[in-house]
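Have a look at the structure below, then the notes.
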Amino acid sequence: MDKDRIIGIIKKFSGRRIAVVGDLALDTYVYGSITRLNPESAAPLITIEDGKEEYKLGCAANVALNSSSLEAKVDLYGAVGNDDGGKMINKLCLDHGISFVEVKEGKTIIKQRFIDKSHKHHYLMRADFGESNLNQMSNKSENILYGEFFRNTKEYEGVILSDYNKRVLRGDLGPKVIALADELGIKSIVDPKPLNNFIAFRGTTLVRPNLSEARAIVGKNNLNDEELALHLKEIMQSDGVVITCGSEGAFVYDCGFYHIPTKAREVVDVTGAGDTFTAALMLSFLSGASIMEAAHIANHAAGIVVEKPGTASLTQQELIERILHEDSH
């Protein structure tokens, strides 16, 4: 691809105005060291370092973070609990220049990861909080979020629906947002979960599941990659399909079928890579890229963040540098 054109597209990310609607989480990282076994159970005993807990935006909030770090202006719509986790998400949004439109529903979802620093940041385990009693968001909360989105739509060029099958997009909010976006000519991307009401997300500009999600939505195991993408496009009634495939890169179906190889040099942590991909895909598409060009840029963006530990984001300059040096690795 023409590097000058691709870099020109990336530079147009600045000031793009988007909304991110979906399920939020607070990602926490607790650091310590394993020096012996626990005498009570013969399992590893981790000694936690005081003050060594890190907080990051997760799930849809990480999509918003990556969009903001790529210099877009972002409004985030979602639900948190009336608790410390919700307060931390608010603080992190404020710190990163993300406008957060929130409702209070249930408990804030927290994903706590334990990291062993004595073994090259080895990922020991994850504990999830706030997911034992997930219910569909109330009509009142849904109406509040949609009302705020409706009020702000004149400002948006694009909207990302980030579905983690938790709470926010289990009801009618997704279809209402998609319908309004379509009516007003606002581009939309959805990353649907197949176990939820994925049919409710029909009609988005682009649909962007991973490979296992795409197969679950289509419900057929005997399709090759091109047939899978075509069937998914037909089911979701979207303009285009981008399927991420981990180490295999991504498959794109627009007017034709394309495979884009992975761009990662050394995988350290895949946490949140899909969120990064979605953010870069939307901003590229809004900045004049074709679907294939947008997927190419997004693949590079995801390739950068998997080289970093934890839930990570990247800058425009990092992305431009990677594009410039693409052929040298």
Side-chain angles (χ1 to χ4, degrees), residues 19-32 46 48-69 74-115 121 123-146 148-149 160-171 173-174 191 193 196 269-276 278-279 305 308-313:
V20 177
V21 182
D23 296 307
L24 315 180
L26 179 66
D27 286 354
T28 71
Y29 292 82
V30 181
Y31 296 92
I46 180 169
I48 304 300
E49 298 181 20
D50 291 340
K52 291 296 184 181
E53 188 166 9
E54 190 175 9
Y55 301 94
K56 295 184 179 183
L57 293 169
C59 296
N62 187 41
V63 178
L65 173 61
N66 273 272
S67 302
S68 180
S69 69
V74 187
D75 289 357
L76 173 64
Y77 294 79
V80 295
N82 187 18
D83 49 33
D84 289 342
K87 292 174 184 176
M88 180 57 69
I89 287 178
N90 269 277
K91 179 184 182 301
L92 291 172
C93 285
L94 184 63
D95 290 346
H96 292 289
I98 298 165
S99 177
F100 183 27
V101 181
E102 63 168 314
V103 292
K104 295 291 195 301
E105 285 271 342
K107 295 181 179 180
T108 302
I109 294 171
I110 298 173
K111 298 180 181 295
Q112 188 171 54
R113 296 169 175 86
F114 293 85
I115 311 297
H121 292 267
Y123 182 2
L124 293 173
M125 64 171 287
R126 189 179 92 186
D128 290 354
F129 301 88
E131 297 194 39
S132 60
N133 187 26
L134 288 174
N135 296 310
Q136 179 177 314
M137 193 166 58
S138 67
N139 289 335
K140 179 181 177 181
S141 292
E142 191 172 282
N143 289 336
I144 290 170
L145 291 183
Y146 179 73
E148 288 298 305
F149 179 79
I160 297 170
L161 294 100
S162 182
D163 179 29
Y164 276 82
N165 195 28
K166 305 301 182 188
R167 178 179 286 117
V168 173
L169 294 172
R170 285 187 177 185
L173 181 60
D191 180 2
K193 288 292 176 285
N196 196 13
D269 192 333
V270 298
T271 305
D275 300 330
T276 303
T278 302
V305 299
K308 302 178 181 183
T311 308
S313 59

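- Taking CG from Leu134 and CG from Asp23, the interatomic distance works out to 8.5 Å, rounded to the nearest 0.5 Å.
- Not counting sequence neighbours, Leu94 has no partner by the side chain to side chain contact (heavy atoms under 4.5 Å, CB included) test.
- Evaluation of the salt bridge (Lys or Arg N to Asp or Glu O under 4.0 Å) test over residues 80-89, restricted to residues two or more places apart or in two chains, returns none.
- With a 4.5 Å cut-off on side-chain heavy atoms, Leu92 and Leu26 count as touching.
- Atoms CG and CG, from Leu57 and Leu76 in turn, are 8.0 Å apart once rounded to the nearest 0.5 Å.
- Residues passing the side chain to side chain contact (heavy atoms under 4.5 Å, CB included) test with Ala279 are Val63, Asn66, Ser67, sequence neighbours excluded.
- With Ser162 contributing its side chain and Gly22 its backbone, the two residues share no donor-acceptor pair below 3.5 Å.
- In this structure, NZ in Lys166 is found 6.5 Å from SG in Cys59, a value given to the nearest 0.5 Å.
- Separation of atoms CG (Asp275) and CG (Leu65) is listed at 9.5 Å; rounding is to 0.5 Å.
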Test salt bridge (Lys or Arg N to Asp or Glu O under 4.0 Å) on Lys111 and Asp128; report intermediate values, then the result.
CA-CA 5 Å; Lys111 298 180 181 295; Asp128 290 354; 3.6 Å; yes

Should Gln112 and Arg126 be marked as a side chain to side chain contact (heavy atoms under 4.5 Å, CB included) after you check the CA-CA gap, both sets of side-chain angles, and the distance that decides it?
CA-CA 5 Å; Gln112 188 171 54; Arg126 189 179 92 186; 5.9 Å; no

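- Nearest heavy-atom pair across Gly106 and Arg167 is CA-NH2, 4.0 Å.
- Screening residues 96-106 for salt bridge (Lys or Arg N to Asp or Glu O under 4.0 Å), with sequence neighbours left out, gives Glu102-Lys104.
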Take Val20 and Val74 through the side chain to side chain contact (heavy atoms under 4.5 Å, CB included) test and state the conclusion after the steps.
CA-CA 7 Å; Val20 177; Val74 187; 4.0 Å; yes

Please lay out, stage by stage, how Ile46 and Leu124 fare under the test side chain to side chain contact (heavy atoms under 4.5 Å, CB included).
CA-CA 9 Å; Ile46 180 169; Leu124 293 173; 3.4 Å; yes

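- Under the salt bridge (Lys or Arg N to Asp or Glu O under 4.0 Å) criterion, the residue pairs touching residues 88-97 are Lys91-Asp95, with sequence neighbours excluded.
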Criterion side chain to side chain contact (heavy atoms under 4.5 Å, CB included) on Phe100 and Ile89, from CA distance to verdict:
CA-CA 9 Å; Phe100 183 27; Ile89 287 178; 3.9 Å; yes

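- No donor-acceptor pair closer than 3.5 Å links the side chain of Asn165 to the backbone N or O of Lys193.
- Annotation: side chain of Glu53 is not in contact with side chain of Tyr31 (no heavy-atom distance under 4.5 Å).
- Nearest heavy atom pair, residue Phe114 against residue Ala127, reads CE1-CB, 4.5 Å.
- Lys56 forms a cation-pi arrangement with Tyr29, by the criterion of a distance under 6.0 Å to the ring centre and an angle within 45° of the ring axis.
- Remark: Leu145 pairs with Tyr77, Val101, Val103, Met137, Val168, Leu173 by the side chain to side chain contact (heavy atoms under 4.5 Å, CB included) rule, at least two apart or across chains.
- Considering only heavy atoms from C-beta on, Ile110 comes within 4.5 Å of Thr28 through its side chain.
- Side chain of Lys308 to main chain of Ser313: a donor-acceptor pair is present (N/O by atom type, distance under 3.5 Å, no hydrogens or angles).
- At least one cation-pi condition fails for Lys107 and Phe129: the charged atom is not both under 6.0 angstrom from the six-membered ring centre and inside a 45 degree cone around its axis.
- At distances below 3.5 Å, not a single donor-acceptor pair connects side-chain atoms of Thr108 with backbone N or O atoms of Val80.
- Residues Asp163 and Asp191 are not in side-chain contact: their nearest non-hydrogen atoms beyond the backbone lie 4.5 Å or more apart.
- Contact annotation: the side chain of Glu54 never approaches that of Arg113 to less than 4.5 Å [non-hydrogen atoms, C-beta and beyond].
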